[in-house]
Structure formats: C-alpha cells, structure tokens
4 protein chains.
Amino acid sequence: MTSADRVRRAAIRLFAEKGFHGTGIRDLAQAANLSSASLYHYMGTKEELLAGIMRECLERLLEGAGKATEGVTDPRERLGRLVALHVMSHALRPDETRVVDNELRALSPAAQEPVVRLRDAYEQLWATAIADGIASGVFSAGEPSITRLALLEMCNGVSRWYSPRGPLTLESLAAEYAGLAMRALMSAGKGPDPDLRYCRAVVADVWNTPNPHAAPCSDGITGGRSKGD
Amino acid sequence: MTSADRVRRAAIRLFAEKGFHGTGIRDLAQAANLSSASLYHYMGTKEELLAGIMRECLERLLEGAGKATEGVTDPRERLGRLVALHVMSHALRPDETRVVDNELRALSPAAQEPVVRLRDAYEQLWATAIADGIASGVFSAGEPSITRLALLEMCNGVSRWYSPRGPLTLESLAAEYAGLAMRALMSAGKGPDPDLRYCRAVVADVWNTPNPHAAPCSDGITGGRSKGD
Amino acid sequence: MTSADRVRRAAIRLFAEKGFHGTGIRDLAQAANLSSASLYHYMGTKEELLAGIMRECLERLLEGAGKATEGVTDPRERLGRLVALHVMSHALRPDETRVVDNELRALSPAAQEPVVRLRDAYEQLWATAIADGIASGVFSAGEPSITRLALLEMCNGVSRWYSPRGPLTLESLAAEYAGLAMRALMSAGKGPDPDLRYCRAVVADVWNTPNPHAAPCSDGITGGRSKGD
Amino acid sequence: MTSADRVRRAAIRLFAEKGFHGTGIRDLAQAANLSSASLYHYMGTKEELLAGIMRECLERLLEGAGKATEGVTDPRERLGRLVALHVMSHALRPDETRVVDNELRALSPAAQEPVVRLRDAYEQLWATAIADGIASGVFSAGEPSITRLALLEMCNGVSRWYSPRGPLTLESLAAEYAGLAMRALMSAGKGPDPDLRYCRAVVADVWNTPNPHAAPCSDGITGGRSKGD
DNA sequence: CATGAATGAGTCTTCATTCAT
DNA sequence: CATGAATGAAGACTCATTCAT
C-alpha cells in the first residue's frame, strides 16, 4: 500500500468518524504515520482530499448502478437492484458512504458542483426506475420524488449501524431492504391510516406551534435536494 | 424574544446548516447580533449549548410520542402515529431535528450519555410497536431491529429536503410516509427479489473486493446504534 | 461587617492564595457574595484595591513597629521587638503579609511608589537597630544590609506555614525567632565554616557554570531591594 | 543556543520577573524571538513549561546537595554546606530559584505533585542535618521544623536582591549566611528576650485583635509546608 | 444600592499550510 | 521523499470594566 493510499484511507476513516471539520490535519498525519508536512506530498488541500474521496466513491456507485441495471427492463427488478447495490455498498464501505452522505456541505460551492452532478446522475437512475414503475402500473407511489428520497435515506442508514461481525450475510441484508422497498411501493392502500389529525394536534401542542388548517410542505422536489445537502 | 432565545435559535440554524464543528463562536455571535463575549452571558460552553438543544428537542419528541400513542392498543395505529409524529416534527423543525440526528458525535462521552438515553427511550417506543405488531401477526418484518432503523432513517430524511413552501400539507406528507411504512411492514413476500447474486458480483467488481461466500453483516442490534451515532 | 469589608477581606484572602494575577474579578465577586458589577461600588480598579491593601498593612506594621521601639535605647531590645512584632503580625495576618511580601511587582510603577516608601521606612527601623548594635559593639554582623535582609526574609516565611491550630503560642513563636536573630547577630566566630571551596565546585559542576576566582556578588545594598521586589 | 533553549530562558526570566500568571504567551514569544504559534514547537502548555523548569531546577539542587553532603558526618559541616550551596545557587540563578520558590501554587494539583516530592526530598536533607545536630548536642534549636523553615526562607531571600555586580564574592556571601545559620543554631540562650508581652499588646492594638492569653501557633510541622506553598 | 447586559481586548491554544533543508 | 521549523489566522473562552436600569 502506498503512502497516498494510507492518507486516503486515514481520511476516509476519520472524516466518517469525526466529520471533516472535526478532523485536523494532524489527526490525518498521525493516522497515516506521516508528518503533517509530508501529508502534502500526497494530497492537495484538505478540501481537495475530501472532494476526491466523494467523487471517487460516487463514481463507483454510479458505475456499479449502471452495470447492475443496464438492459433490465422490469422497473421492479431495476429498483430492486438499485436498492441492493446501495445497501451492499453502504454495508461494505460504511466510512466512504457516510462521508458522501454527510460531508457535502463542508465543500465550497465550487467543489460541490461536480459532486452534486454525480449524485444527481445516480439519483436519476432511481427516479427513472420509480417513474417507469408508476407508468407501467407496477408501482403505486404517491409523490415519486418523496418516494425516491424516502427510500434513499432508508438505505443510507445502513452505513451507520453496520458491523462486519454478525450472522446476516450481505445478500440477506440487501434482500431485507429490497423487500421493504418493494412492498412499500407495490401494495397501495394496505393498512389503516393513523389518526393524523390527533398527531397534528400533539405536534402543535408539544412544539407550541399554531395548528394551521393547511400547513404546506414541499412536494415540488424533482431533481434532488438543496445545495449542500 | 430574549437574547438567550436569539442565541439558541442562531445555534440551531447554524449547527444544522454548517455542523457543530463548522460553526464558529463568531458565527453564532453574528447571527445572534451579539459580540462573541456577550454570547457567554446566555450560554455555557459551545458544547453545552449543543447538548441543551439536543436534549430539549428529544424531550419534546419523546413527550409527543408518548401522548400520541398512550392508550393505543393496535400496533399498526401506534406505529403509524409514531411515523406521522416523527415526520411532522422533522418537517416542522428541520433544523433542530437535523442537529439531533447528525451532531451526536460532536459531544464528549459525558455529554452524550443523557442524550443517548433519551434517544434510546424514544426508539424503544418504535421497537415495542414493531415487536407487538409482529407478535400479533399484523406485521411480517424480517429482523425487527433492522426494520426499526430503516424506518427511522427513512423518516429522518424529511428534515433534509423540507421546505415550508409547497402544496403538500403536513398531514399529506405524514400520510405518505405512514403509508410507506405500513405497506413495507404488512405485506410480506410481495414483489420479486432482485438478482442479488449479480448485484453482489457488481459490488465486488467495482470496489475490487473479494466476494466471500458469507460476508457477514450484523443483525444483532437490539437497543440502538453504537455510541456517537 | 460592611460590603466594603467583605470585598477587602475576599481580596486579601484570594490575592494571598492565588496571587493578584491569578485572581479574577469574578473570583472576588463570588467570595464577597456580590455581583462583579456591584464590586465596583466598593473599590476602584483591581490594582487600586491591591495598592490599598498593601498600604494599609504596611502602615499598621510601621505604626506597630514605631510604638514597640520608641524610647528603647538598647539596640538588642529594639531589634528583638522588631523581630517579635514582625513574626507576630505575619502569624496573625498571614494573608495580608503574604500579599505585601509577594505582590509588589503586580503594581504599576506609579502605584508601587508609595508602597515602596512605606516599606523602606519600615526597614529603616531594622537598619538603624542593626547599625546601632554594631556601633555599640553588641552585634558583630558582617555586612549590615545583608543581615537585615536575611533576618527579614527569615521572618517573612512565618506567613507561609502558619496555622492557628497548634500548641505554640504567638509569644513562643516570637521568642523562638527573636532567639534565632539574637544569636545570629551576637556571637561571632562560633562554629566552623563549611568547605566553601568544595561547595563552589559542586555548584559549578551541577549548573555547568565556570568557576571564576572572584564571582562577585552585590553587597552594595543599603536602602532596600530593587523596584518591584 | 537552540530555540527551545531560548524559550526556556525567556520563560525563566519572565516568570521570575512578572510571575507565571503575569506572563503572557505573547511575552514569552517576543522574548524568545518567535511567533506565539511557533512557541508550541518547543513546549507543551504554558503550565508544562513551568513544571519542567521547576523540576529541573530542583533536581539540580537536590543533586548538588547530595554531592556536597554525602559522606560528611559532622552535622554542623553538613548544614553549613547546605546553606552555602543554597545561597550560591540562589545567587547564581536568581530567576530559576525565584520561580521555584514562588510559583508552585500556579501549578494544578497534578502538576504540583512531582515538584513537591522533589522539594520535600531536598528539605529532608536539611531536616536530617538539623536533627542530627540536635541529637549530638552541637545544635540547640527549639522546634527543629521551625528552625529549618526559618533558615530556608532566610536563604531564599538571596535571589531577590542578588546582583552580579558588587564586591562580594559568592564565597563571601555563602560564608556570611553560613555564619548566621551556625550561630543561630549553636549558642543557645545568648541575648536578652525582647519584651514579648508588650509587643503582643502593640500587635493587638494595631490590628484590633483580641489579646487572648494563649493564642496558639502551630508547631506541629514536620515534613514541610502545606501544598501549594 | 445593586445588577444584568454588554464588550473590546485579551487569554491560551490549534488551525491548515508553506518552505528550506 | 521527508520533515522540522515556522506562522498568520482562527479556535473557544475570559478579562476587567462600564452603564443603563
């Protein structure tokens, strides 16, 4: 393993563990067994290091998602594979994926741009699969964007509690999540609605918030989230 | 509004936006229209400020969840209300909830403890509802802990893309998420499994990872995630 | 006891315990049971507070020394009383005297001046007693200034280890010190000189210092020490 | 001279001159011709810098005292050498010794501990010499602990008025102090006791203190002074 | 009298980064 | 390659002091 690799690995681990702003250049140096000055032989600035990690991770994710879904016509199979791949990658590389999922805001706008582009391209695969499923009638989602974001966040969570020790195989884990996603999207109308009016009242009460008749909430999201997250 | 409130509000907004370590004491002072020295009339240390925000937010969430579910016997209704409340609170208070969901690791172990206790108490409500539903046969989840975490993460996501402007009412949003959760838990076996073997191969290929026969993945989680997240 | 007294007492105690620079205005306020703003009703600046304490203590010492020695013709009796008074005051008021003995340097030159004047007037009483004793042949000191300083420092030490609990009465303590001083000044030639040449060599060795034939050392002191101590 | 040495020298000089709390990191930096950030290449915290200075100085003193007295059986010679060494070191290194003698309280309890241990070991040499002299009848001291402290404080004073310019050689100075000490310890009963009753009355009068019949004063000191001084 | 509010200047310390060796 | 040395800017936090109330 080269020194450059050691630096990158250390960065991934520490950025995941303590966050970009919570990680000092000296922490990196120590974790990479280098002096802090030597670090700069293998990286640009700290920000470039982060940007590189994010880009590379997203490129792999995008590449994998492309490979896994190309030529697959059934939207259910396509979405299922996206879920499985996403979960597997988050279970296998929890540090990298946590960095990607959490540290976008630490980048300057200029450095965010290419990362956001990659993320959007990746999410577009999800959006298309969901839209196709709805169009062909196999999915019965409400708002497609919300559905996409809900599923993505659900899968992202894997990287936070993953531990390589445990009886569940990667495939079982992926199957579990794929099942959750499929069922959520396929069987409309199942189950009773909770008493939303009461929940709303409780929320209004606990947070001392006025209980307007129509507190609006965005559903105009199409391509992704706001900049910086 | 008192100055103390202004400080707290500024902190919530900035911690949510830039993270705890990304927010300087001067940022806080500027946002609260105070000198950085005056800040210390209204807060202890920066860490105590964060801890207080997290505790208060979790206490409200716990209180609300208690109110919304007490006396409700049907596990489906109970879980539905938890989902609805969680989504509503995250939509209504995206900043506070993002801080709670993301900044736990910024606290020292000593300061984490009471926060983790609150979080665990809250999640216990979810765990019980899920377990009861499984026991009574209305839910058909695989691993209950995984299910709980998956649903929680899914709902957490709301605070990341929420915008108060938009046609969707809070109730509609909550209904959407409750529906996703209900369907995911209730209709087992729906939908085809994706080709996991192929997905696994793609993952192994893209990440240059050996493809062991039994890459294990934790399912032994019961009470919550590891400390610090 | 008035508030002003409480402030002064708190200051004496804290300045003695932690030093002038080690004592914050908030420490004073807390010890005096006042808010830090209220403090300024009873004092000028922190420096003026210190200067006042030192002046008052020295004035008392000077007054007491005057009373105790006026009209006493025997230099031995005069010096004995000075020693006794000094020791008693240091035992009785360890905090005040420690402040006087240690914190002169914390004052600005302008504020030092009157304090130094008082100190010098007080030491002059010692100097005169010693000089008279030498002149009349009852004392056989080497360098009078050195003797004076040596005795003063010896007596100052009392305030550092004094504790009001213990079997020794104030008079016994004073008698002990007076005895030390008298004997030191009266019986010349008693006792063997230590091997100074060897001591000098050890010093030179341990401190890596050249061992010059005549490392000179001040004996030109007449009226007191350098400014600031 | 290395930069680390320059830092240490600057610290010794400034701590002696203005005290630990009166010396800012910027003062140190300026005196060492470094930026305040560069300072931290050569030191840990300011407190560690102080602790190191004190430890080193005391180690030298202890080493020197050991060398000077080992094998010496006559307690008078032993004590004489201790006095001479102590005086010489204080005359030669007034800054270091003033720091040792005055700044112990500036250290946290944890940092004080090893310093106090060294100090106590050093004072034990004095205590033993005095005790041996009393036991063999050559010294006629009252309370040995008081004697030890009185002599030590007397000698400490040297570092306060020392100036390398002056006609007195180091040996003469040491001889003077050794003479004072020897005489103080050897010829009991010499000289009249001052009128203590009257002194006590003056003290009571000037300080407005009740004149109890038996104002007690500690003589139970055995191993040293209280922590922090 | 008493104090909460306020602050500019200061505290010690760490930051990411550069550069001569 | 590798790193000690170096630093301006910034980090969180405290200082002594003032003043309106």
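Per chain, numbering begins at 1; letters A, B, ... match sequence-line order. Computed from a predicted structure; not experimentally measured.
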By nearest nucleotide on DNA chain F, pick out whichever of C:I25 and D:R6 is the more 5' one. D:R6
B:H21 or C:M43: which one's nearest nucleotide on DNA chain F is closer to the 5' end? B:H21
So D:T23, base contact, sugar-phosphate only, or nothing? Heavy-atom distance under 4.0 Å. sugar-phosphate
Do the side-chain N or O atoms of [X] get closer than 4.0 angstrom to the phosphate oxygens (OP1, OP2) of [N]?
| X | N | answer |
| --- | --- | --- |
| C:R26 | F:dC15 | yes |
| A:S38 | F:dC1 | no |
| D:S35 | F:dT7 | yes |

Checking C:L107 against C:F20 for the side-chain contact (heavy atoms from CB on, under 4.5 Å) test, could you report, in this order, the C-alpha distance in whole Å, the side-chain angles of both residues, the deciding distance, and whether it holds? CA-CA 9 Å; C:L107 293 176; C:F20 178 76; over 6 Å; no
Mind calculating the distance between [atom1] ([X]) and [atom2] ([N]) to the nearest angstrom?
| X | N | atom1 | atom2 | result |
| --- | --- | --- | --- | --- |
| C:F20 | F:dC15 | CZ | C1' | 12 Å |
| B:L39 | F:dT14 | CG | P | 12 Å |
| B:L50 | F:dC13 | CG | C1' | 17 Å |
| B:E47 | F:dC13 | CD | C1' | 14 Å |
| A:L28 | F:dT3 | CG | P | 15 Å |
| C:Q30 | E:dT3 | CD | C1' | 16 Å |
| D:K18 | E:dG10 | NZ | C1' | 13 Å |

State which of [options] makes the closest approach to the side chain of [X].
| X | options | answer |
| --- | --- | --- |
| A:S3 | E:dT17, F:dA2, E:dC19 | F:dA2 |
| B:K46 | E:dT13, F:dC13, E:dT17 | F:dC13 |
| A:H41 | F:dC1, E:dA9, E:dT13 | F:dC1 |
| C:A37 | F:dT18, F:dT17, E:dT13 | F:dT18 |
| C:Y42 | E:dT13, E:dC1, F:dC19 | E:dC1 |

Tell which nucleotide pairs with [N], taking only Watson-Crick or G-U wobble pairs whose two distances are both under 3.5 angstrom.
| N | answer |
| --- | --- |
| F:dC13 | E:dG10 |
| F:dT21 | E:dA2 |
| E:dC15 | F:dG8 |

Under the salt bridge (charged side-chain N to carboxylate O under 4.0 Å, His left out) rule, what pairs show up with a residue in residues 44-56 of chain D, not counting sequence neighbours? D:R8-D:E56, D:E56-D:R60
With a 4.5 Å cut-off on side-chain heavy atoms, are B:T97 and B:N156 touching? no
Side chains of C:V116 and C:R119 in contact at under 4.5 Å (non-hydrogen atoms): yes
Could you check whether atom CZ of B:R9 has more than 12 heavy atoms from other residues, nucleotides or ligands sitting under 6.0 Å from it? no
Under 3.5 Å, which donor-acceptor pairs do the side chains of residues 24-33 of chain A form with other protein atoms, sequence neighbours left out?
unit_1	atom_1	unit_2	atom_2	d
A:D27	OD2	A:K18	NZ	3.4
A:D27	OD2	A:G24	N	2.8

